S.K.: 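Please see the structure below; I have some questions.
All values below were derived from every heavy atom in this structure, side-chain atoms included, with hydrogens, water molecules and symmetry-related copies excluded. For clarity, every value in this text was computed on a predicted model and none was experimentally measured.
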Amino acid sequence: MDKRKWGFLQALMMCLLYGQAVPAFDTPPALPAHVSLPISNFMRQPDFSEVTLSPDGSYIGALIPEPGNPYGNLIAILDAKTAKVVHLLHSGRFSLIQDYFWVSNRRVVMTIATQQGILDTPILTGELYAINIDGNAQIDLFGYRAGHMQTGTMINTVVRRYAFAAPILWRPVSENHILIAVNDFTADPAGSFTSAEILDVRDGRTVAVGGSPVRNAALLADHAGQVRAAYANHNFTGLLLWTRPSTQAPWTMVNDSAKSGIQIVPMGFNRDNSKLYVRVTQGDRPDAIELMDMTTNTFSLIYQGKFADPGQLLETADGLDYYAVVTEDGKRSLFYFDENSEEAQLSKALAANFPGQLAYFSSFTRDGRHAIVKVSSDRDPGDYYAFDLDTHNARYLLSAMPWIDPRQMRPVQPMALKARDGLVLHGFLTLPVGDKPYPLIVLPHGGPHGIADVWVFDREVQLFANRGYAVLQVNYRGSGGYGSYFQILGYRQWGLSMQDDVTDATRWAIDQGYADARRICIYGASYGGYAALEGAVREPDLYKCAVGYSGVYDLRVQLDRSDTQATDLGNAYLRLVLGDDRDDLWRRSPLSGVSRIKANILLIHGGDDLRAPFKNFKEFTKALDQNGTHYETLVEPREGHDFFLPEHRQEAYQKIIDFLDRNIGPSAATSP
């Protein structure tokens, strides 16, 4: 929606709510057919993210970049009436604020990621910090740096803790007290038990109020602050769920998916704490949202998508229930649990103002009468509006990436096809300006399991489309988002049916006339890097070029050296999804098929990559050298699994664009 139109929104809202005629808007001016935008426009971090209201609605908080300090950022505190910045809270020179939340009208608690050693990417430390919005009373609440005098205050916390803390509830359980989950740092690969503790946000003192039934369990509390649900993955043999009537009561196992064949994940409590919203697997159908009665353990269906799993649950204005779920069946939309609720009525009226976009209440004041509305789409990174639920008055606040004009971006179109064995695959196709057939980038996502491409603004996709390339994203079997059965179909299928799905999607794009069969490149990161190079091995005549970014090229290295295998849970995961037959792992590794590669190759890797160890890159380039295969590389010695520093990301994407242009761009076009 053109932001100039927002002055009309109050009148429009009233018309929609009360059945009056809707005023017409001017058509926004047309843009040139194509404008080539700088790479930096797509790689630049958002100006604003995590935009929230203070409990009383006087202030708005948002995370913003810190100029000149890529390792740090700021919490901007804005006056809610004027949207003017009144305070800036600094993260520190080498500490990145990962998230924050309001614990009172004037105080916030933040989680921290810290740049450590020579690795560029900051690492989440499990520390908690608290600070007043005017910058006073700052304190290291929890972590290995707590337990000493704090800067600017004489407060001394009780003890430093070599442990990881995360909020269980995102609002206080009582004045100045929050509920956190704590896991001790341990060298034991089995992990540690989870402790529930009450943390005083003034001085860092904690009181333990219970613990998990097993190691590495996640905890869930009701609206009264009672920890009543716990769940854990038992080394990937089954998902376990426990409940109890109160924090003091013993745990009772409700479900063991290894025995029941059904996975149940708790999501939140209903208004009176009598029922639990849970996500339940449905065999070969997508997961469903159900309500589980906490007394009888009976279930009632709330929502199930047509082919995709449910997305985020949206809280009611008072924060005591949920009014909708984000649906993922192609383009994102909202499914309302009660069409007549105030939140649903207002949300539907808002949605009418933003056709083709997703608009929802993302933050409320404590009394539920003021809200932040977030609007985003496949072409819009996100705009934020202030909304008064009593007067229906709304006004534009700010944009996540104001330099991005949605009219210059390309639509991300849902698509579906059948794989060679008849399995239905879903994904997205983004087409550039111009006439088909287009040069095509096949972009398999990373993960691979539990991850899926969804209908959002994707800066990478939009960059490629802006430069004249069609982009194909297919959620191959093994991806998340389409039910547990679909994900399990991909286990031990790396390089086999998972790769066939990517090949079948590529051929579908050719058959449909979207792709120029002689100008196709396959590119991906992490598992996507594996799929890109395995595609070049298995389909040497299909892909003109292949780009691997932090890719896995020897599956045995993942089993032996990746950080995933360092814990019992991670090791169990790798053996489940990859298998442990080393000869079979070798056969399914791109490294074993270097001699079959005809595509031009670009490899990008971080020297300190722990997830896809740098040994993958070294082994693969050595094999390419021995085979006499030409290739290009970009290595950043201090980067990890994904390049973090802006200049490194800029360099990487410039390298990719130049490589694509030479191989499948306009200059590489061939006549029929």
S.K.: Find out whether L241 and P266 are in side-chain contact, i.e. whether some heavy atom of one side chain is under 4.5 Å from a heavy atom of the other.
M.R.: yes
S.K.: For F142, what residues pass the ring pair (Phe, Tyr, Trp, His ring centres under 6.0 Å) criterion, not counting sequence neighbours?
M.R.: none
S.K.: Of all residues at least two apart in sequence or in a different chain, which pass the ring pair (Phe, Tyr, Trp, His ring centres under 6.0 Å) check with F361?
M.R.: F364, F387
S.K.: State whether the side chain of N270 and the backbone N or O of K275 hold a donor-acceptor pair below 3.5 Å, judged by distance alone.
M.R.: yes
S.K.: Would L220 and L276 count as a side chain to side chain contact (heavy atoms under 4.5 Å, CB included) here? Give the steps.
M.R.: CA-CA 10 Å; L220 205 67; L276 184 65; 3.8 Å; yes
S.K.: With sequence neighbours left out, what residues match N233 under side-chain hydrogen bond (donor to acceptor under 3.5 Å, both in side chains)?
M.R.: none
S.K.: Taking only residues two or more places apart in sequence or in another chain, which ones pass side-chain hydrogen bond (donor to acceptor under 3.5 Å, both in side chains) with Q654?
M.R.: D658
S.K.: Decide yes or no for I604 and E636: does some side-chain heavy atom of the first lie under 4.5 Å from some side-chain heavy atom of the second?
M.R.: no
S.K.: Just how far is it from atom CG of D383 to atom CD of Q357, taken to the nearest 0.5 Å?
M.R.: 7.0 Å
S.K.: Within the structure provided, determine whether V109 and L199 are in side-chain contact (heavy-atom separation under 4.5 Å).
M.R.: no
S.K.: Between N105 and Y59, do the side chains contain a donor N or O and an acceptor N or O under 3.5 Å apart?
M.R.: no
S.K.: Return the orientation label for the F617 and H605 ring planes: parallel under 30°, perpendicular over 60°, tilted otherwise.
M.R.: tilted
S.K.: So which atom in L128 and which in A165 form the shortest heavy-atom distance, rounded to 0.1 Å?
M.R.: CD1-CB, 3.9 Å
S.K.: Does any N or O in the side chain of S363 come within less than 3.5 Å of the main-chain N or O of T52, such that one atom is a donor and the other an acceptor?
M.R.: no
S.K.: Is the shortest heavy-atom distance from the side chain of F269 to the side chain of M294 under 4.5 Å?
M.R.: yes
S.K.: Between R369 and E342, is there a side-chain N and carboxylate O pair less than 4.0 Å apart?
M.R.: yes
S.K.: Any side-chain heavy-atom pair from Y129 and R145 closer than 4.5 angstrom?
M.R.: yes
S.K.: Applying ring-ring contact (aromatic ring centres under 6.0 Å, His included) to F48 and Y384, what does each step give before you reach the verdict?
M.R.: CA-CA 10 Å; F48 298 94; Y384 297 90; 8.1 Å; no
S.K.: Would a 4.5 Å heavy-atom cut-off, applied to side chains only, mark V108 and I131 as touching?
M.R.: yes
S.K.: Could you work out, with side-chain hydrogen bond (donor to acceptor under 3.5 Å, both in side chains) as the rule, every residue matching T564, not counting sequence neighbours?
M.R.: R611
S.K.: With H445, which residues qualify under ring pair (Phe, Tyr, Trp, His ring centres under 6.0 Å), at least two apart?
M.R.: Y476
S.K.: List the atom of D287, the atom of P310, and the distance in Å for their closest heavy-atom pair.
M.R.: O-CD, 3.2 Å
S.K.: Is the number of heavy atoms from other residues, nucleotides or ligands under 6.0 Å of R171 CZ greater than 12?
M.R.: yes
S.K.: Who pairs with D318 by salt bridge (Lys or Arg N to Asp or Glu O under 4.0 Å), at least two apart in sequence or on another chain?
M.R.: R271
S.K.: Say you draw a straight line from CD1 of I404 to CZ of R379; how long is it, rounded to the nearest 0.5 Å?
M.R.: 13.5 Å
S.K.: Is Q248 atom CD crowded by more than 12 heavy atoms from other residues, nucleotides or ligands, each under 6.0 Å away?
M.R.: yes
S.K.: Determine the minimum heavy-atom distance between S195 and A208, stating which atoms define it.
M.R.: OG-CB, 4.3 Å
S.K.: How would you list, by chain and number, every residue that makes a salt bridge (Lys or Arg N to Asp or Glu O under 4.0 Å) with D56, sequence neighbours excluded?
M.R.: R106
S.K.: Has Y360 got a side-chain atom pairing as donor or acceptor with A324's backbone, closer than 3.5 angstrom?
M.R.: no
S.K.: Output every pair passing salt bridge (charged side-chain N to carboxylate O under 4.0 Å, His left out) with a member in residues 216-234, not counting sequence neighbours, ordered by first then second residue.
M.R.: D222-R228
S.K.: Does the side chain of R160 come within less than 4.5 Å of Y144's, by heavy atoms?
M.R.: no
S.K.: Measure from the side-chain N and O atoms of S212 to the backbone N and O of V214, and report whether any donor-acceptor pair falls under 3.5 Å.
M.R.: yes
S.K.: Taking only residues two or more places apart in sequence or in another chain, which ones pass ring pair (Phe, Tyr, Trp, His ring centres under 6.0 Å) with W170?
M.R.: F101
S.K.: For the side chain of T247 and the backbone of Q226, is there at least one donor-acceptor N/O pair under 3.5 Å apart?
M.R.: no
S.K.: Kindly indicate whether the side chain of M401, heavy atoms from C-beta on, has any atom under 4.5 Å from the side chain of R44.
M.R.: no
S.K.: So does A386 get a backbone contact from the side chain of R395, meaning a donor-acceptor N/O pair under 3.5 Å?
M.R.: no
S.K.: Can you run down the salt bridge (charged side-chain N to carboxylate O under 4.0 Å, His left out) pairs that involve residues 206-221, sequence neighbours left out, and say none if there aren't any?
M.R.: D188-R215
S.K.: Listed by chain and number, what are the side-chain contact (heavy atoms from CB on, under 4.5 Å) partners of D378, not counting sequence neighbours?
M.R.: P411, V412, W455
S.K.: Would you say D184 and T186 are linked by a side-chain donor-acceptor pair, where the criterion is simply a distance under 3.5 Å?
M.R.: no
